[in-house]
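This report refers to the structure that appears directly beneath it.
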Amino acid sequence: MESFMFDQSSLTEILVLLNDFKFLAAITLTLAAIYLSHKANHVYLLDFICNRAPDHQRVPISTFIEHSEIMEKFNRNTIEFQKKVAERSAIGNETHVPPGFHLLPSENSFGSTTNEIETVLFSIVQALLTKHNINPRSIDILIINCSLVNRTPSLSAMVINKFRFRSNVKSFNLTGMGCSAGILSISLARDLLKVHKNSLALVLSMEPICCNVYEGQLKSMILANCLFRVGGAGILLSNRKRDRVNAKYELQHIVRTHLGFNTGAYKCVIQDLDDEGYTGIALSRTILQVAGEALKINLASLGSLVLPYSEQINYVLSVGWRKIWAPARKRGPYIPNFKKAFEHFCIHAGGRAVIDTIKDKLKLTDRDIEASKMTLYRFGNTSASSVWYSLCYLEAKGRVKRGDKVWQLAFGSGFKCNSAVWRCISNPKPDGLNAWSDRINRYPVAVPEVIDT
């Protein structure tokens with residue numbers, strides 16, 4: 001067999017060529033990465049504002065219970081149930097209700113509902129536009145989510161009329177999407193911003209409660225009366241490169257999960273009539289179980305996007321080990337450490353049980369859930385806007401820094417579980433428009449623990 005021999009100079013030349021090739025390959029990959037980065041569709045969060053109702057709309061727990069008694073619409077058992085729920089709900093004495101709730105009898109007419117919507121939405125929009133010196137005609141996309149009010153003209157048309165947006169603004173009005181609709185609206189805005197270059201998007205989230213008071217005796221529907229309060233949020237998004245320097249956050253991921261194919265999940269939060277003909281939102285006893293199932297599916301997708309490889313490998317090995325070794329099944333699956341992916345958690349403030357369940361399942365600390373727990377305590381369940389009140393809290397505390405990642409997690413009727421991941425690209429500086437600015441120094445407060453009797 002003929003053999004081939006290389007002298008020393010030939011080998012040297014080959015090594016030089018290989019090094020040159022590696023260098024060129026590295027340069028090519030770097031340039032390609034830079035090109036793709038600039039070409040990618042970035043969605044920047046310029047700013048957001050949460051509504052803070054005036055103090056005269058405040059409703060302490062004692063006032064809430066007294067009002068229910070004076071109204072004479074509820075029997076003694078129902079009033080006692082409301083009192084028990086209110087005292088165990090982890091909602092404090094600084095939440096707010098619409099002006100009509102303070103009247104006797106309470107005013108929940110169409111006019112009162114319209115007034116509540118206008119007060120919240122108009123103040124938010126005006127504050128955002130004024131703060132950033134934005135002409136309303138500069139808004140390219142308008143998205144409003146409001147589950148239980150579907151009026152004509154729509155709420156988006158109401159805002160367009162008030163602020164005189166231009167005639168070709170792309171407007172959307174989402175209804176019936178529940179407490180996770182805020183993240184759904186961000187998802188829709190992201191998709192629209194991918195198509196429409198150099199655009200500004202305004203997203204508004206609120207849920208009026210004036211027209212949604214349940215006046216019957218069914219306990220599953222009474223729960224909503226005890227938990228929901230006035231609130232709303234406005235979010236200003238952009239895909240313009242020049243806005244990056246002034247933006248607070250950049251959107252990283254959105255993961256949506258829908259269990260509507262399952263009838264039990266579909267009906268666990270549903271608007272319906274009771275036997276007496278009263279309309280209300282029924283909350284099923286299975287809601288935490290359904291939420292847990294939706295969360296598990298959502299995390300399976302989210303984890304692959306955000307978790308370090310070490311956590312993903314540990315999870316896969318855990319699943320495989322449980323399949324082949326029976327004793328391992330008793331210990332349950334490996335729970336990835338999501339604190340390795342996120343610095344901050346904004347969990348939907350739907351109720352004490354929701355927050356505590358997420359804390360236990362993900363092995364979070366009291367500090368991790370502090371923003372959500374304090375949001376529930378001070379503002380109550382503000383539906384789709386609650387995750388923004390939590391982020392507002394974190395900013396007011398000065399905890400969010402450049403490079404941090406924030407996870408917003410929301411649940412809603414349908415049944416849905418939605419996640420949004422943001423990366424902080426500046427050092428947010430809270431101002432007087434921050435919903436917590438008037439009393440952030442008082443928080444966190446100690447929330448009374450539930451004592452089972």
>> Around atom NZ of K83, are there more than 12 heavy atoms from other residues, nucleotides or ligands closer than 6.0 Å?
In response: no
>> Treating N198 as the side-chain partner and R240 as the backbone partner, does any N or O pair qualify as donor plus acceptor under 3.5 Å?
In response: no
> Passes side-chain contact (heavy atoms from CB on, under 4.5 Å), D431 versus K131? Steps please.
Replying inline: CA-CA 11 Å; D431 53 28; K131 179 180 178 181; 2.8 Å; yes
>> What I'd like to find out is whether the side chain of L376 reaches to under 4.5 Å of the side chain of I91, using heavy atoms alone.
In response: yes
> R423 side chain to E250 main-chain N or O, any donor-acceptor pair under 3.5 Å?
Replying inline: no
> Does the distance from a Lys or Arg side-chain N to an Asp or Glu carboxylate O, for D47 and K248, drop under 4.0 Å?
Replying inline: yes
>> Between T357 and D360, do the side chains contain a donor N or O and an acceptor N or O under 3.5 Å apart?
In response: no
>> Under a 3.5 Å distance rule, please check whether R378 uses its side chain to pair with a backbone N or O of G92 as donor and acceptor.
In response: no
> Which atoms form the tightest heavy-atom contact between S199 and N239, and what is the distance?
Replying inline: N-OD1, 2.7 Å
> Which atom pair, heavy atoms only, marks the closest approach of L121 to M206?
Replying inline: CG-SD, 3.6 Å
>> Let me confirm one number: the CG-CG distance from L200 to D243, rounded to the nearest 0.5 Å.
In response: 6.0 Å
> Going by heavy atoms in the side chains, are K339 and L364 under 4.5 Å from each other?
Replying inline: yes
> Using 4.0 Å as the upper bound for N to carboxylate O, is an ion pair formed by D55 and R439?
Replying inline: yes
>> Determine whether F415 and I287 satisfy the following criterion, side-chain contact (heavy atoms from CB on, under 4.5 Å), listing intermediate values before the conclusion.
In response: CA-CA 9 Å; F415 188 87; I287 188 170; 4.2 Å; yes
> What is the minimum heavy-atom distance between I49 and L128, and which atoms define it?
Replying inline: CD1-N, 3.7 Å
>> Would you call the rings of F165 and F163 parallel, tilted or perpendicular, taking 30° and 60° as the class edges?
In response: tilted
>> Just to verify, which of N145, L237, L204 counts as forming a side-chain contact (heavy atoms from CB on, under 4.5 Å) with S185?
In response: N145
> Where is the tightest heavy-atom contact between S426 and C424, given as atom of each residue plus distance?
Replying inline: O-SG, 2.7 Å
> Are the side chain of S123 and the backbone of T119 linked by a donor-acceptor contact shorter than 3.5 Å?
Replying inline: yes
> Between CD1 of I358 and CG of L288, what distance do you get to the nearest 0.5 Å?
Replying inline: 9.0 Å
Hey, can you pull the donor-acceptor pairs under 3.5 Å for the side chains in residues 383-393, sequence neighbours left out?
{"residue": "S385", "atom": "OG", "partner": "T382", "partner atom": "O", "Å": "3.0"}
{"residue": "S385", "atom": "OG", "partner": "T382", "partner atom": "OG1", "Å": "3.1"}
{"residue": "S386", "atom": "OG", "partner": "H348", "partner atom": "ND1", "Å": "2.8"}
{"residue": "S386", "atom": "OG", "partner": "A349", "partner atom": "N", "Å": "3.2"}
{"residue": "S386", "atom": "OG", "partner": "S383", "partner atom": "O", "Å": "3.3"}
{"residue": "Y389", "atom": "OH", "partner": "N51", "partner atom": "N", "Å": "3.4"}
{"residue": "Y389", "atom": "OH", "partner": "N51", "partner atom": "O", "Å": "2.6"}
{"residue": "Y389", "atom": "OH", "partner": "G232", "partner atom": "N", "Å": "3.1"}
{"residue": "Y389", "atom": "OH", "partner": "G232", "partner atom": "O", "Å": "3.4"}
{"residue": "S390", "atom": "OG", "partner": "T375", "partner atom": "OG1", "Å": "3.3"}
{"residue": "S390", "atom": "OG", "partner": "S386", "partner atom": "O", "Å": "3.4"}
{"residue": "Y393", "atom": "OH", "partner": "E370", "partner atom": "OE2", "Å": "2.5"}

>> Do L218 and E276 have side chains that approach each other closer than 4.5 Å (heavy atoms only, starting at C-beta)?
In response: no
Using atom types as modelled, flag every donor-acceptor pair under 3.5 Å from a side chain in residues 73-80 to any protein atom, sequence neighbours excluded.
{"residue": "K73", "atom": "NZ", "partner": "E215", "partner atom": "OE2", "Å": "2.7"}
{"residue": "N75", "atom": "OD1", "partner": "N77", "partner atom": "N", "Å": "3.2"}
{"residue": "N75", "atom": "OD1", "partner": "T78", "partner atom": "N", "Å": "2.7"}
{"residue": "N75", "atom": "OD1", "partner": "T78", "partner atom": "OG1", "Å": "2.8"}
{"residue": "N75", "atom": "ND2", "partner": "Q217", "partner atom": "OE1", "Å": "3.2"}
{"residue": "R76", "atom": "NH1", "partner": "E80", "partner atom": "OE2", "Å": "3.3"}
{"residue": "T78", "atom": "OG1", "partner": "Q217", "partner atom": "OE1", "Å": "2.6"}

> Taking atom CD of Q289 as the centre, does the number of heavy atoms from other residues, nucleotides or ligands within less than 6.0 Å exceed 12?
Replying inline: no
>> Quick check against the 3.5 Å criterion: does N173 have a side-chain atom that pairs as donor or acceptor with the backbone of I144?
In response: no
>> Pair S112, N115 - check side-chain hydrogen bond (donor to acceptor under 3.5 Å, both in side chains), show working.
In response: CA-CA 5 Å; S112 295; N115 180 66; over 6 Å; no
>> Looking at D275, I want to see if its CG is surrounded by more than 12 non-hydrogen atoms of other residues, nucleotides or ligands under 6.0 Å.
In response: no
> Any Lys/Arg nitrogen of R88 or D356 sitting under 4.0 Å from an Asp/Glu carboxylate oxygen of the other?
Replying inline: no
> Can you tell me if T113 and R151 form a side-chain donor-acceptor pair at under 3.5 Å?
Replying inline: no
>> Between V406 and C346, is there a side-chain heavy-atom distance shorter than 4.5 Å?
In response: yes
>> Side chains of Y249 and V400, heavy atoms from C-beta outward: is any pair under 4.5 Å?
In response: yes
> Is there a donor-acceptor pair under 3.5 Å between the side chain of R58 and the backbone N or O of N93?
Replying inline: yes
> Yes or no on side-chain contact (heavy atoms from CB on, under 4.5 Å) for V97 and R229, after CA distance, side-chain angles and deciding distance?
Replying inline: CA-CA 6 Å; V97 294; R229 297 291 191 271; 3.9 Å; yes
>> Donor-acceptor check, side chain of H258 to backbone of G260, threshold 3.5 angstrom: yes or no?
In response: yes
> Which of these passes side-chain hydrogen bond (donor to acceptor under 3.5 Å, both in side chains) with N41: K194, R190, K197?
Replying inline: K197
>> Under the rule for side-chain contact (heavy atoms from CB on, under 4.5 Å), what residues qualify as partners of L223, not counting sequence neighbours?
In response: F81, V85, L283
> Which atom pair, heavy atoms only, marks the closest approach of S301 to V255?
Replying inline: CB-CG1, 3.8 Å
>> Nearest 0.5 angstrom please: N212 CG to N108 CG, how far?
In response: 9.5 Å
>> Is any side-chain heavy atom of I209 closer than 4.5 Å to one of E116?
In response: yes
>> When you compare the side chain of L192 with that of F172, does any pair of heavy atoms fall below 4.5 Å?
In response: yes
> Under the side-chain contact (heavy atoms from CB on, under 4.5 Å) criterion, do W436 and K397 qualify, and how do the steps go?
Replying inline: CA-CA 9 Å; W436 293 87; K397 281 291 185 181; over 6 Å; no
> Quick check: are there more than 12 heavy atoms from other residues, nucleotides or ligands sitting under 6.0 Å from NZ of K363?
Replying inline: no
> Of all heavy-atom pairs between N418 and T257, which one has the smallest distance, and what is that distance?
Replying inline: OD1-N, 3.5 Å
>> So does I425 get a backbone contact from the side chain of R402, meaning a donor-acceptor N/O pair under 3.5 Å?
In response: yes
>> For the backbone of S147 and the side chain of E207, can you confirm whether one donor and one acceptor N or O come within less than 3.5 Å of each other?
In response: yes
>> Please identify which of these residues, L184, I186, L142, meets the side-chain contact (heavy atoms from CB on, under 4.5 Å) condition with V203.
In response: I186
> Sub-3.5 Å donor-acceptor pair from the side chain of K416 to the main-chain atoms of S413, do we have one?
Replying inline: yes
>> Within the 4.5 Å heavy-atom criterion, are I335 and K361 side-chain neighbours or not?
In response: no
> Could you give the distance from NE2 (H253) to CG (L305), rounded to the nearest 0.5 Å?
Replying inline: 5.0 Å
